[in-house]
Chemist: 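Take this structure first; my questions come after.
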Amino acid sequence: MDWYNNQDWDEDVKIEFEEKLKRSRGSFNKAQYLRIKGSNLIKSEDNSKQEAGINLLERVTEEYSTELFHSCFAHEQLGDYYFHKKEYQKAIQHYQEVVNYYQNSRNGTSGIADIKFAETIVDLNKRDRFLEAIRLLTDDFIKTGGSLDFKDDVFRYHFVLARLYEGISEINIAKEHAKRAYDVYQSKEVQFPKYPKLGMITVSEDEYNNLVRLVN
């Protein structure tokens, strides 16, 4: 396994990693090694390794911000990390960077950071930004080549739009999107038989109840 592609991390590993990073050539490679190592560590169950992963990914965004492929990937991973930790204000700051990047390209990202951005806006109940989020998922989504390749992406797209439109009192439009999300959720068709979990929709009880309420 490559020296940068694992979850090993202690003081000795850190010293060795930094030495090899220093000897590596070019900012693209350095950013790549930092990002991959950070990506591994941030997924660890160990809190200290998660913190180390955060630090490495932040270095990508700060020291190698011009390496857009890697810096935007790092921003999105940090956004995902903070979103799942319910630290929504931090999440939205990182998603914002990726959304800005979408004006030029969606390469190197999940391609749905604008959906994640909108979900964070809703969870923060930042109603002053609901119209901005709607624009990102409608006009800008088309202009920047947005696509919905997986069932769970389609579901999340319409569900968050339903919540946004309800927030600006466009109830009929909200219901339309809620119904489309509900129809996708109810579909039992497996999108990729060889990889049944790919595109699988998972919702919490609260999310399901909210969806049913919006539909009705």
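Residues take their numbers from the sequence shown, with the count starting at 1. In this text the structure is predicted, and so the values were computed from the model without any measurement.
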Chemist: Using a strict cut-off of less than 4.0 Å between a Lys/Arg side-chain nitrogen and an Asp/Glu carboxylate oxygen, indicate whether R213 and E166 qualify as a salt bridge.
Modeler: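 Yes, this pair counts.
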
Chemist: Using side chain to side chain donor-acceptor pair (under 3.5 Å) as the criterion, point out the one residue from R163, H177, K179 that pairs with H158.
Modeler: H177

Chemist: According to a 4.5 Å side-chain heavy-atom criterion applied to Ile, Leu, Val, Met, Phe, Trp and Tyr, with indirect links allowed, do I121 and L124 form part of one hydrophobic cluster?
Modeler: yes

Chemist: I'd like to know if the side chain of D139 and the backbone of R135 have a donor-acceptor N/O pair within less than 3.5 Å.
Modeler: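 Side chain of D139 to backbone of R135: no pair is present.
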
Chemist: Between E51 and N55, do the side chains contain a donor N or O and an acceptor N or O under 3.5 Å apart?
Modeler: no

Chemist: For N6 and N40, which I'm curious about, is there any donor-acceptor pair between the side chains at under 3.5 Å?
Modeler: no

Chemist: Report yes if the side chains of E67 and R35 come closer than 4.5 Å at any heavy-atom pair, otherwise no.
Modeler: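 They are not in side-chain contact.
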
Chemist: Quick one: does any side-chain atom of E16 pair with a main-chain N or O of V13 as donor and acceptor, under 3.5 Å?
Modeler: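 No, E16 side chain to V13 backbone: no donor-acceptor pair under 3.5 Å.
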
Chemist: Counting heavy atoms not belonging to K20, are there more than 12 under 6.0 Å from its NZ?
Modeler: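 Yes, NZ of K20 has more than 12 neighbouring heavy atoms, counting only those of other groups under 6.0 Å.
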
Chemist: Got a donor-acceptor contact below 3.5 angstrom from the N210 side chain to the D206 backbone?
Modeler: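 Not at all, since once roles are kept as given, no pair shorter than 3.5 Å links the two residues.
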
Chemist: If you measure only the distance, is there a donor-acceptor pair under 3.5 Å linking the side chains of Y95 and D114?
Modeler: no

Chemist: Using a side-chain heavy atom cutoff under 4.5 Å and only I, L, V, M, F, W and Y, what cluster partners does L68 have?
Modeler: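 Answer for L68: V98, Y101, Y102.
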
Chemist: Report yes if the side chains of E63 and S27 come closer than 4.5 Å at any heavy-atom pair, otherwise no.
Modeler: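 No. Closest side-chain heavy atoms not under 4.5 Å.
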
Chemist: Passes side-chain contact (heavy atoms from CB on, under 4.5 Å), I134 versus L136? Steps please.
Modeler: CA-CA 5 Å; I134 290 171; L136 282 173; over 6 Å; no

Chemist: Are Y157 and F150 connected into the same hydrophobic cluster when the rule is that any two of I, L, V, M, F, W, Y join if their side-chain heavy atoms are below 4.5 Å apart?
Modeler: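 Per the 4.5 Å side-chain linkage, F150 and Y157 are not co-clustered.
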
Chemist: So, the side chain of Q103 versus the backbone of T144: is there a donor-acceptor pair under 3.5 Å, distance only?
Modeler: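 Absent.
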
Chemist: Of all heavy-atom pairs between L57 and A74, which one has the smallest distance, and what is that distance?
Modeler: O-CB, 3.8 Å

Chemist: Could you see if V215 belongs to whatever hydrophobic cluster contains V203? Use Ile, Leu, Val, Met, Phe, Trp, Tyr and a side-chain cutoff under 4.5 Å.
Modeler: yes

Chemist: Specify the closest pair of heavy atoms between G79 and A91, including all atoms of both residues, with the distance to one decimal.
Modeler: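 Shortest heavy-atom contact: O-CB, 3.5 Å.
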
Chemist: Under 3.5 Å, is there a donor on one side chain and an acceptor on the other for Q50 and Y81?
Modeler: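 Side chains of Q50 and Y81: pair found under 3.5 Å.
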
Chemist: Calculate, to the nearest 0.5 Å, the distance between atoms CG and CD belonging to N5 and Q32 respectively.
Modeler: 9.5 Å

Chemist: Thinking salt bridges, do R59 and E62 make one under a 4.0 Å N-O criterion?
Modeler: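 E62 and R59: not salt-bridged.
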
Chemist: Locate the shortest heavy-atom distance separating I115 from D153; write the atom from each residue and the value.
Modeler: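 The pair with the smallest heavy-atom distance is CD1-O, 4.1 Å.
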
Chemist: Taking only residues two or more places apart in sequence or in another chain, which ones pass salt bridge (Lys or Arg N to Asp or Glu O under 4.0 Å) with E97?
Modeler: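 For E97, no residue satisfies salt bridge (Lys or Arg N to Asp or Glu O under 4.0 Å) once neighbours in sequence are set aside.
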
Chemist: To the nearest 0.5 Å, tell me how far L34 CG sits from T61 OG1.
Modeler: 10.5 Å

Chemist: Between the side chain of R127 and the main-chain N/O of G167, is any donor-acceptor distance below 3.5 Å?
Modeler: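 Present.
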
Chemist: Please evaluate residues S71 and Y64 with respect to the criterion side-chain contact (heavy atoms from CB on, under 4.5 Å), reporting the C-alpha separation (whole Å), side-chain torsions for both, the decisive distance (0.1 Å), and the verdict.
Modeler: CA-CA 7 Å; S71 64; Y64 300 97; 5.9 Å; no

Chemist: State yes or no: do L161 and L131 share one hydrophobic cluster built from I, L, V, M, F, W and Y residues joined by side-chain heavy-atom distances below 4.5 Å, directly or via other members?
Modeler: yes

Chemist: Just by distance, no angles: are the side chains of S39 and Q77 close enough, under 3.5 Å, to form a donor-acceptor pair?
Modeler: yes

Chemist: Decide if atom CD of E18 counts as having more than 12 heavy atoms of other residues, nucleotides or ligands within a radius under 6.0 Å.
Modeler: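 Yes - once you tally the heavy atoms of other residues, nucleotides and ligands closer than 6.0 Å, there are more than 12.
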
Chemist: Do the side-chain N and O atoms of S48 and D46 include a donor-acceptor pair separated by under 3.5 angstrom?
Modeler: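 Per modelled atom types, S48 and D46 side chains form a pair under 3.5 Å.
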
Chemist: Considering non-hydrogen atoms only, spot the tightest contact between A178 and L211 and give its length.
Modeler: O-CD1, 3.5 Å

Chemist: Give the other cluster members for I142, using side-chain heavy-atom distances under 4.5 Å between Ile, Leu, Val, Met, Phe, Trp and Tyr residues; answer none if it is isolated.
Modeler: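 Other cluster members: none.
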
Chemist: Test R129 against E132 for salt bridge (Lys or Arg N to Asp or Glu O under 4.0 Å), laying out the working first.
Modeler: CA-CA 5 Å; R129 302 191 71 177; E132 174 191 359; 2.8 Å; yes

Chemist: Can you say whether the rings of H75 and H94 are parallel (under 30°), tilted (30 to 60°) or perpendicular (over 60°)?
Modeler: tilted

Chemist: By the ring-ring contact (aromatic ring centres under 6.0 Å, His included) test, which pairs, at least two apart or in different chains, include something from residues 12-35?
Modeler: W3-F17, W3-Y33, Y4-Y33, W9-F17, F28-H70

Chemist: Under the ring pair (Phe, Tyr, Trp, His ring centres under 6.0 Å) rule, what do Y82 and Y88 come out as? Steps first, then yes or no, please.
Modeler: CA-CA 6 Å; Y82 287 122; Y88 296 129; over 10 Å; no

Chemist: Could you walk me through whether I42 and L56 pass the side-chain contact (heavy atoms from CB on, under 4.5 Å) check?
Modeler: CA-CA 9 Å; I42 206 172; L56 294 181; over 6 Å; no

Chemist: Under the 4.5 Å side-chain heavy-atom rule for ILVMFWY, direct or indirect, which residues accompany M200?
Modeler: none

Chemist: Taking V160 as the starting point, is it possible to reach V212 by hopping between hydrophobic residues whose side chains are less than 4.5 Å apart?
Modeler: yes

Chemist: Only distances under 3.5 Å count here; give the side-chain donor-acceptor pairs of residues 180-195 to other protein atoms, sequence neighbours excluded, each with its distance to 0.1 Å.
Modeler:
from, atom 1, to, atom 2, distance (Å)
S187, OG, E189, N, 3.4
Q191, OE1, K151, N, 2.9
Q191, NE2, D149, O, 2.8

Chemist: Which heavy atom of K30 sits nearest a heavy atom of S24, and at what distance?
Modeler: NZ-O, 2.9 Å

Chemist: Got a second to check how far L164's CG is from F159's CZ, nearest 0.5 Å?
Modeler: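 Spacing of CG (L164) from CZ (F159) equals 10.5 Å.
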
Chemist: Salt bridge check, K90 against E58: does any charged N sit closer than 4.0 Å to a carboxylate O?
Modeler: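 K90 and E58: not salt-bridged.
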
Chemist: For N125 and F130, work out which heavy atoms get closest and say how close.
Modeler: OD1-CZ, 4.1 Å

Chemist: Keeping the roles fixed (side chain from K37, backbone from G53), state whether a donor-acceptor pair exists under 3.5 Å.
Modeler: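 No; zero donor-acceptor contacts below 3.5 Å.
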
Chemist: What is the distance from atom NZ of K175 to atom CD1 of I173, rounded to the nearest 0.5 Å?
Modeler: 13.0 Å

Chemist: Quick check: do F73 and V60 have side-chain heavy atoms less than 4.5 Å from each other?
Modeler: no

Chemist: Evaluate side-chain contact (heavy atoms from CB on, under 4.5 Å) for I112 paired with F141, printing each intermediate quantity in order.
Modeler: CA-CA 9 Å; I112 59 165; F141 195 77; 5.7 Å; no

Chemist: Between OG1 of T138 and NZ of K143, what distance do you get to the nearest 0.5 Å?
Modeler: 9.0 Å

Chemist: State the CG-OH distance between N172 and Y165, to the nearest 0.5 angstrom.
Modeler: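 That separation rounds to 12.5 Å.
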
